[in-house]
Amino acid sequence: VTITTTAPSGGPADDPTDELVRTWGGKPGLPGWLTAVNHKQIGARFIVTAFGFLLIAGAAAVVMRTQLAVPEARVVGPQGYNELFTMHGTTMLFLFAVPILEGLAMYLVPLMIGARDLPFPRLNAFGYWTYLFGGLLLYASIFTGSVPDGGWYNYVPLAGPEASPGSNIDFWLLGVTMLEISGIVGAIELIVVILRHRAPGMSIERMPLFVWSSLVMAVMILFAFTAILTASLLLELERKLGLPFYRPEGGGNPLLWQHLFWIFGHPEVYIMLVPATGIVSAIVTTHARRPVFGYAWVVAALVGIGVLSFGLWVHHMFTVGIPMLALSFFGVASILIAIPSGVQIFAWLATLWSGRPRWDTPLLYVGGFVVIFVLGGVTGVMVASPPFDWQAHDTYFIVAHFHYVILGGVVFPIFGGLHHWLPKMTGRMPSEKAGKASFWLFFVGFNVAFFPLHHVGFLGMPRRVYTYQPGLGWDWLNFVSTMGTYVMTVGIAIFTGNLLWSWFKGPKAPDDPWGGESLEWAVPSPAPVYNFRTVPLVVSREPMWDPARPGEGGDEEDLLLALAEPHERRREQVITSAVEGRFLGVTRLAGPSYWPLFAAIAVAVLMIGILTDFYVLAGLGLAGTVVSVIGWLRPPHREAAS
Ligand code: HEM
Ligand SMILES: [Cu+2]
């Protein structure tokens with residue numbers, strides 16, 4: 001492959017931009033939609049679908065809080081309540097938080113590192129379809145009347161074949177298995193693109209912190225999702241074939257489930273939190289208009305959290321009868337993780353302090369995040385101590401604690417990030433007025449909804465109860481909490497309305513509306529399908545704040561490696577070295593194809609076959625998966641001919 005440096009534009013007849021669109025674009029219409037592989041299209045689908053699931057899970061939460069507003073209410077019964085909290089928790093974690101964060105990373109990371117697409121575009125499309133079908137499978141349980149009801153943790157033996165003979169738990173295990181596959185696929189894409197396809201010159205210490213956080217998230221997903229995938233498959237084997245993995249009568253051990261589950265389940269919290277802090281770092285840098293304070297410390301904190309979080313899982317099992325020494329070990333480790341989290345908080349505060357912060361909506365959401373997350377961290381240190389946990393275990397104190405951490409720590413940054421990056425995605429600006437209103441309603445409503453739950457937990461109210469008796473001192477606290485939930489719901493509705501309005505009707509966005517520092521702001525809004533006309537050469541950590549901004553052309557510093565001559569119509573992407581970001585060569589990426597969609601359908605058929613004990617169907621699904629994968633790997637003859 002010849003690498004030439006060319007001027008950014010040719011003559012009108014040979015417009016390279018146009019050729020690039022034709023090289024990187026997809027088919028028009030419905031076929032184009034079904035065969036799409038571009039990282040921005042797939043990323044946007046993840047974001048939109050996950051946001052839809054947030055609204056569904058939020059609606060389930062509103063029903064639960066309405067049921068709990070007054071004692072002995074009859075909005076739902078005990079079985080309905082079990083189903084609601086199971087679907088709420090499962091949807092929030094597996095269908096909303098992780099997919100939206102992976103989707104944001106899929107969308108933004110290639111733009112931030114100067115790449116044109118993710119390294120395995122068809123695999124990426126497959127990841128989206130498995131995610132969508134996994135979610136639909138989970139929700140299809142509504143139509144068969146067997147909605148998962150074992151909590152998002154599905155403890156055995158209650159989730160085992162004897163105590164849960166229906167297919168409720170099978171829906172959960174098989175649906176979530178598809179979501180796990182999708183999560184792992186996304187993680188592989190992100191790891192490879194970050195380590196191999198950064199623009200030349202972007203050494204590892206010039207990577208934006210959002211990219212760092214995406215890398216840590218992806219590595220964590222690889223390990224954690226493998227654990228839950230294993231756990232679910234073993235439980236499904238126990239349920240369908242009677243293999244005794246978790247049943248003591250056959251030599252199994254129910255605690256094996258808890259260990260495998262929490263080896264995934266604890267890191268899961270940080271899988272969401274780490275990229276959320278990456279969003280926070282990006283917003284703080286841009287809106288404080290200053291490079292982030294203590295970059296190296298923040299990177300160390302991200303990596304530290306990633307490693308440490310795999311050593312804490314037993315704090316979810318402090319009450320199951322663990323030896324004293326292990327209790328102390330896991331208690332101390334749980335307290336330790338507050339240190340890297342604190343390092344990041346200080347870095348952001350120092351950046352804001354020494355910068356010139358502009359309190360636009362994204363930065364407001366960051367402010368809300370800091371306040372709520374610190375409160376969640378304080379209660380986290382409290383429950384990290386086993387004797388305290390023995391008291392608080394399974395009470396509303398825990399519900400309050402983890403909603404402070406995940407809602408404050410994850411949803412606030414995501415909302416800030418959506419407001420921040422939406423102009424790049426849609427080419428239109430959201431309304432600041434509506435954004436600020438949504439923030440204050442969400443922030444105040446959240447605290448009114450969840451702060452009283454700490455106290456009602458101390459008064460002994462257990463979690464996962466569908467109702468309670470009057471006169472226990474819980475009544476007014478629950479009522480206040482439910483009112484707060486309604487206020488928060490209005491805030492979320494305004495936020496959603498603002499996004500939709502701006503997407504279709506908002507004023508046109510400039511390329512760089514906030515004066516950002518990283519490369520995604522170098523390209524037009526919305527980003528063109530090929531991202532960068534020529535590959536940028538990176539010489540600093542904040543390329544957009546360099547005297548010679550990339551993409552403006554003219555300067556030598558600015559430019560830029562052209563790939564194959566555009567008229568050759570090859571989807572090419574540079575390969576660089578993992579640490580220094582040295583240019584190593586060029587690779588070709590696959591183009592649009594139906595095969596990823598077929599493969600995901602086949603996987604869904606396999607799952608439905610297992611679910612319905614219809615093993616011929618399962619066999620067909622398996623065969624279809626193999627055929628589809630062969631189809632998608634076949635060399636693209638037709639493409640070469642054109
Ligand atoms: C939109 C505002 C939210 C409200 C009003 C809300 C409310 C609730 C309620 C009432 C419960 C049931 C408590 C019980 O009976 O034990 C619950 C459980 C739970 N929530 Fe939320 N929640 C919200 C957002 C979230 C978010 C954003 C996440 C995660 C990203 C989340 C994750 C969970 C989990 C994992 C459970 C435990 C489910 C289980 O025990 O199986 N929630 N929430
Ligand atoms: Cu934990």
Side-chain angles (χ1 to χ4, degrees), residues 97 100-101 104-105 108 112 208-214 217 270 272-295 297-298 301-302 305 340-377 403-424 429-447 488 491-492 494-495 498-499 513-518 520-521 542:
I100 205 168
L101 290 163
L104 274 167
L108 294 169
M112 287 181 171
L209 288 170
F210 180 82
V211 176
W212 265 110
S213 72
S214 301
M217 163 184 77
Y270 290 91
M272 302 182 286
L273 193 68
V274 161
T277 63
I279 296 175
V280 170
S281 293
I283 293 177
V284 165
T285 309
T286 298
H287 294 261
R289 297 177 276 176
R290 178 206 189 288
V292 81
F293 186 88
Y295 174 91
W297 286 93
V298 175
L302 288 171
I305 289 175
S341 310
V343 165
Q344 291 206 73
I345 303 253
F346 283 118
W348 297 319
L349 291 181
T351 311
L352 288 171
W353 189 261
S354 56
R356 294 171 293 134
R358 210 179 31 213
W359 290 92
D360 303 312
T361 306
L363 196 56
L364 274 184
Y365 271 103
V366 164
F369 152 82
V370 170
V371 172
I372 297 175
F373 180 68
V374 166
L375 282 167
H403 281 90
Y404 265 79
V405 175
I406 8 189
L407 225 161
V410 180
V411 182
F412 273 65
I414 289 175
F415 276 27
L418 287 175
H419 195 102
H420 180 72
W421 281 299
L422 202 77
K424 184 55 62 190
M429 295 300 288
S431 147
E432 272 303 307
K433 225 192 243 161
K436 292 199 166 99
S438 80
F439 168 75
W440 286 109
L441 288 165
F442 194 0
F443 181 73
V444 172
F446 169 81
N447 283 291
M488 171 166 58
I492 295 175
I494 293 177
F495 183 84
N498 189 19
L499 292 198
W514 315 109
E517 74 288 3
S518 41
E520 76 273 27
W521 305 110
E542 286 88 19

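Counting from 1, the numbers follow the sequence of the chain as shown. The basis for the numbers below is simple: all heavy atoms, side chains too, and nothing from hydrogens, waters or symmetry mates.
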Report yes or no: does [X] contribute a side-chain atom to a donor-acceptor pair with the main-chain N or O of [Y] at less than 3.5 Å?
X      : Y      : answer
Glu517 : Pro291 : no
Thr277 : Val274 : yes
Lys424 : Glu520 : yes
Asn498 : Ala434 : no

Looking at side-chain heavy atoms only, is the closest gap between [X] and [Y] below 4.5 Å?
X      : Y      : result
Trp348 : Phe369 : yes
Ser281 : Pro208 : no
Leu101 : Ile279 : yes
His419 : Glu432 : yes
Pro275 : Leu104 : no
Leu273 : Ile406 : no
Leu407 : Ile372 : no

message = I'd like to check the ring-ring contact (aromatic ring centres under 6.0 Å, His included) partners of His287; sequence neighbours left out, ordered by chain and number.
response =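 In terms of ring-ring contact (aromatic ring centres under 6.0 Å, His included), with neighbours along the sequence ignored, His287 is linked to His420, Trp514.
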Is the gap between the ring centers of [X] and [Y] under 6.0 Å?
X      : Y      : result
Phe442 : Phe495 : no
Phe210 : Trp421 : yes
Phe373 : Tyr404 : no

I need the [X] [atom1] to [Y] [atom2] distance, nearest 0.5 Å.
X      : Y      : atom1 : atom2 : answer
Lys436 : Ile494 : NZ    : CD1   : 14.5 Å
Thr361 : Leu422 : OG1   : CG    : 12.0 Å
Arg290 : Arg356 : CZ    : CZ    : 11.0 Å
Ile305 : Tyr270 : CD1   : OH    : 7.0 Å
Phe293 : Leu349 : CZ    : CG    : 11.0 Å
Leu441 : Ile492 : CG    : CD1   : 10.5 Å

Might you point out which heavy atoms bring [X] and [Y] nearest each other, and give the distance in Å?
X      : Y      : value
Leu364 : Phe439 : O-CE1, 3.2 Å
Ser213 : Gly278 : OG-CA, 3.3 Å
Pro362 : Gly416 : CB-O, 3.6 Å

message = Go through it in stages, so that I can follow the logic: the residues are Phe346 and Trp353, the test is side chain to side chain contact (heavy atoms under 4.5 Å, CB included), and I'd like the CA-CA distance, side-chain angles, deciding distance and then a yes or no.
response = CA-CA 10 Å; Phe346 283 118; Trp353 189 261; over 6 Å; no
request  = Please report the C-alpha distance between Val370 and Phe412 in whole Å, then the side-chain angles of each, then the deciding distance to 0.1 Å, and finally whether the side chain to side chain contact (heavy atoms under 4.5 Å, CB included) criterion is met.
outcome  = CA-CA 9 Å; Val370 170; Phe412 273 65; over 6 Å; no
inquiry  = Applying side-chain hydrogen bond (donor to acceptor under 3.5 Å, both in side chains), can you list everything that pairs with Tyr365, at least two apart in sequence or on another chain?
reply    =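 Partners of Tyr365 by the side-chain hydrogen bond (donor to acceptor under 3.5 Å, both in side chains) criterion, ordered by chain and then number, come out as Ser438.
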ask   = For Trp440, does the CH2 atom have more than 12 heavy-atom neighbours from other residues, nucleotides or ligands under 6.0 Å away?
value =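 No, not enclosed.
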